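Notes follow once the structure below has been shown.
Residue numbering restarts at 1 for every chain, and letters A, B, ... go by the order of the sequence lines. This is a predicted model, so every value here is computed, not measured.
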Amino acid sequence: MAKKTIEKTWEPKEFEEKIYQKWESSGYFKPEINMKGNSGKVLGQLAYDREVNGKPFVISMPPPNVTGKLHMGHGMVVTVEDIMARYHRLLGEPTLWLPGTDHAGIATQTVVDKALRKEGINKNDLGREKFVEKVWEWKGKYGDIITSQIRRLGASCDWSRERFTLDDGLSLAVRRAFVDLYGKGLIYRGEYIVNWCPRCHTAIADDEVEHVEQKSKLYYFKYDKNFPITIATTRPETKLGDTAVAVNPSDKRYQRYIGKSFDVEIDGNKRQIKVVADRAVDAKFGTGAVGVTPAHSMVDWRMAEEHDLPVIKVINEEGRMTDEAGENYTGLKVTEAKEKLIAWLSCNNLLEKEDEYLNNLSVCYRCGGAVEPLPSKQWFVKMRPLAEKAKKVVEDGTIKIIPERFDKIYFHWMDNIRDWCISRQLWWGHQIPVWYKKNEKGEEEVFVGMQAPDGAGWVQDPDVLDTWFSSGLWPFSTLGWPDNIDSKKCEYPLPYAPGMTTCDYNYFYPTTVMETAYDIIFFWVARMIMFGLEFTGKAPFETVYFHGLVRDEHNRKMSKSLGNALDPLDLIPKYGTDAIRMALTVGSTPGQDIPVGEGKIKGFRNFSNKIWNASRYVMLRASEGDLKSGELGQTIVSDLKINGGLLTDADRDILKQHEEVKKKVTEHLNKFKFSLAGELLYDYFWHTFADVYIEASKGQLGEDVTAELNNNTRRVLLSVLSETLVMLHPFMPFVTEAVWQDLREVYPSLSESIMIAEWPG
RNA sequence: GCGCCCAUAGCUCAGUUGGUUAGAGCGUUACAUUGACAUUGUAGAGGUCAGAGGUUCGAGUCCUCUUGGGCGCACCA
């Protein structure tokens, strides 16, 4: 019978997709394989009980946006998490890596809106219901793309437990969380100044605002001739809404005006301007006097509260001037209003000078458009009480953050936390579970509950919740929380009973590791910790591991405009998934950005080939096959019992080093040092096992030496190789599995997949 | 403005309780190679570990300062 022929080079395209399908269909990604201590899979042995099965290893995958396309950042997430998942599975721990996708409110709505506009469809003509239907269609069409791409990266996650943030269960969790917080007084509604994005036409949270440095002008002027103080500002148009001028209390120049009010007229707008003293004012800046615009500046809003100043809204949600801005300005865009007012000031000799000035423009992190602070009625979460608990669990080590230095960043944020604006004026997302009705007296009644109240006339709040509200529940909402609540009868106050959980929640929660990029520490990680503590009474994970951001080989940010972004989907067919995974692992330290260029990936493609080829050599020699054709020989090795008496110096050296490597790799992985583990394996496999031992073994094989030495050498080769493959498997799953399958021809006692082998200990 | 981090070979970076002669990849130089390995091997060159001071028997590692770079928070006076 002709034996299998092994090609000279590793061709990832021939293997990767087939291998992945085999894994997935075999159920190897499910925690139920529970194959502790043996080399065959045992399905269905899980009792979902920590006392019976031990502690599981659990990771919730950061859910990518449903409309997203795979990029190197996903490559990093999948690589690091898959290394952990595969390692712990090899250790025999029931391992759950739970995948899913995020509805990504603003991002998705914008994408679909744009696409519809291209077809000539306006979302407002369509109406809310039809538009949301369209987004669901979109999700159905494109939602699977990202998950199939994640499969291409070799992710060993349990797709049978895949979740989406708008699933029924997760939506129930969102409503439950909202109602619960409202009941505790931690959610409130009110008219406050918020960051408004006129382009996305919604309020956004403080941390969704980014600052971009830009050149602008600082204008010095007086409101009118009768006003004694000159102010300086970069935004004259907002001054139409000024109700005060603030100076530093110790500024001698303005002492005599403090407390006085002046009637002024700014291009037809009559205003009363009060002079107030406030510590926040820097006497050295500008003229030392600030025009206070309560409605359109965060700082001024606070001053207005303290000094009891009126609020005049001169800019509306469209980014245009309101009626309050006066008839000369009503309806103008802010930029037009600015020009017009400067012209007027100049004509009336009120403009004293213009300085070049570098300031920070606030922009929306989603669309990049300028953010307009304005007062608006929104829902907020009271953060202080949540922050205190969340801070404590990191302080006392319940949650460990890697790298440690992020502790300080985390604490700093918690200490300076402000309330979180959670309502968004969008259609795509979780609609706020609040209903309003006007009663006979014309007053508004408010109902907060799991579903619409009985009776006619109730109208649900049209807004949806910030995407991060549902993401914050991810570690437990994906596992079934809050199961068993009768949603029909649920309303505030909730009949809350702890322990109403599913098997999954009961066994897998709290999770083990939260692995993600450090740039979403506040958006996501902090809020998961807060929500986890608040709703489950437990920290949602033990360890937070932050990987670095992937940059190009010159350490520049990857971006489309620079043209330096590497597309994993181009690179996978070219070099193989394993090469990309290694390139993302070796040289990557937690929290530290990592440069990755095509050259680096190429280097690890060579390594994939080295593994393939060195293994081919070992298999051919061990089976006494044909090195030229690659055909395996008839000899089968039945066991790997090594005869200590026959060991050569080379044997002893490699076995000793092998033990050392096993110990170190295990240590590194336990300490989350993936780079060191990967680098060590790379170096060991190539420059010790292949360059040194395989070379030495050539003199211990063949007709010139005894059959006993031949046999012993084969066993040393196979033993070291098979164990090294297992250690390499978490990093390079495909080539190791492909080799493993061939290796089974020569040494049939190996497990049917390397995924369910045993970690060499 | 407040805070955090970084500075190690030509380039990109490892080096976590202070401990032999400071490492890797890429690049570079020489040699070998019809080789298991179009993707190979062997050998080499290349570092006052940013600068100054301090602690110590001993500092790339700990402390202080200086210089240069990055980041976070706050802020559109």
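- For rC37(B), the OP1/OP2 oxygens have no side-chain nitrogen or oxygen of Arg605(A) closer than 4.0 Å.
- Distances from the side chain of Asn606(A) to the nucleotides rA24(B), rU40(B), rC76(B) place rU40(B) closest.
- Under the 6.0 Å distance and 45° angle rule, Lys222(A) does not count as a cation-pi partner of Phe227(A).
- When each of Thr589(A) and Asn416(A) is assigned the nucleotide of RNA chain B with its nearest heavy atom, Thr589(A) is the one assigned upstream, toward the 5' end.
- For the OP1/OP2 pair of rC75(B) and a distance below 4.0 Å, the side-chain nitrogens and oxygens of Ser297(A) include no atom meeting the criterion.
- One atom, CZ of Phe604(A), and another, P of rU12(B), lie 18 Å apart when rounded to the nearest Å.
- Phosphate contact (OP1/OP2 of rU40(B), side-chain N/O of Trp686(A), threshold under 4.0 Å): absent.
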- Task: Just do the side-chain hydrogen bond (donor to acceptor under 3.5 Å, both in side chains) check on Glu703(A) and Asn710(A) with the steps written out, would you?
- Result: CA-CA 9 Å; Glu703(A) 290 167 8; Asn710(A) 262 301; over 6 Å; no
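- Considering only the side chain of His211(A), rC75(B) comes nearest among rA38(B), rC75(B), rC2(B).
- Under 4.0 Å is where a charged nitrogen must lie from a carboxylate oxygen, and between Glu679(A) and Lys673(A) no such pair does.
- Only the C1' atoms considered, rG44(B) is 28 Å distant from rA50(B), to the nearest whole Å.
- Using a 4.0 Å cut-off, no side-chain N or O of Lys600(A) falls inside it from OP1 or OP2 of rC26(B).
- Trp612(A) has its CH2 atom 14 Å from the P atom of rC37(B), to the nearest Å.
- A salt bridge links Lys391(A) with Asp415(A); the closest basic N to acidic carboxylate O contact falls under 4.0 Å.
- In this structure, Arg235(A) reaches the bases: a heavy-atom distance under 4.0 Å links it to at least one base atom across the strands shown.
- Judged by atom type and distance alone, Lys8(A) does not reach the base of rC37(B) through any side-chain donor-acceptor pair under 3.5 Å.
- The CG-P distance, from Leu549(A) to rC6(B), rounds to 17 Å in whole Å.
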